Amino acid sequence: QVHLVESGGGLVQPGGSLRLSCAASGSIFSINAMGWYRQAPGKQRELVAVITSGGSTSYADSVKGRFTISRDNAKNTVYLQMNSLKPEDTAVYYCNVIARVSSSWATAQTYWGQGTQVTVSS
């Protein structure tokens, strides 16, 4: 099993910055894609950013130029640097990873963190 622990959420004023972290632990053989999703009240969960094992990144149009996703493979950790935050960025942010617990691709599964609240308000 793989366990994800998120940190870094909180309350910030518009224009401010936050950095989210998500550390994976457990019986990890390898981690493929790592990403961040968010869900605002009354809305569906949406993809914010994703980074592959090779370091390629992709972002939602709404966060391009403001958010940066990165990963530390030695620490099995993914980060989301959020700058120029807007009230519409307010949501619960979830970490998501695709990981294997053995060399068999049949063990590849998607894991979710517990979520961390980000509130952007003056």
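Quick caveat, the model's predicted, so the values are computed rather than measured. Just so it is clear, the values below take in all heavy atoms, side chains as well, and ignore hydrogens, waters and symmetry mates. Heads up: numbering here begins at 1 and tracks the sequence.
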| CD (Gln44) with more than 12 external heavy atoms under 6.0 Å | no
| request: Check the side chains of Ser53 and Asn32 for a donor-acceptor pair under 3.5 angstrom, ignoring hydrogens and angles. | output: no
| said: Do Arg100 and Ser30 pair up side chain to side chain, a donor and an acceptor below 3.5 Å, judged on atom types alone? | reply: yes
Just wondering, do [Y] and [X] contact through their side chains at under 4.5 Å, heavy atoms?
{"X": "Leu85", "Y": "Pro14", "answer": "no"}
{"X": "Tyr59", "Y": "Arg66", "answer": "no"}
{"X": "Leu18", "Y": "Val118", "answer": "yes"}

| Between the main-chain N or O of Ser102 and the side-chain N or O of Ser104, is there a donor-acceptor pair closer than 3.5 Å? | no
Roughly how far, to the nearest 0.5 Å, is the [atom2] atom of [Y] from the [atom1] atom of [X]?
{"X": "Ser62", "Y": "Leu47", "atom1": "OG", "atom2": "CG", "result": "9.5 Å"}
{"X": "Ile69", "Y": "Ser58", "atom1": "CD1", "atom2": "OG", "result": "9.5 Å"}
{"X": "Lys75", "Y": "Ser25", "atom1": "NZ", "atom2": "OG", "result": "14.5 Å"}

| message | Please find the pair of heavy atoms, one from Thr116 and one from Leu20, that lie closest to each other, and give the distance. | response | CG2-CD2, 4.0 Å
| Shortest non-hydrogen contact from Ala40 toward Thr90 | CB-O, 3.7 Å
| Can you tell which of Glu6, Glu88, Glu46 makes a salt bridge (charged side-chain N to carboxylate O under 4.0 Å, His left out) with Arg38? | Glu46
| said: Using side-chain contact (heavy atoms from CB on, under 4.5 Å), reason through Thr110 and Asn96 one step at a time and then give a plain yes or no. | reply: CA-CA 7 Å; Thr110 298; Asn96 169 281; 3.0 Å; yes
| Given the side-chain rings of Trp36 and Phe67, with only the six-membered ring counted for Trp, is the space between their centroids under 6.0 Å? | no
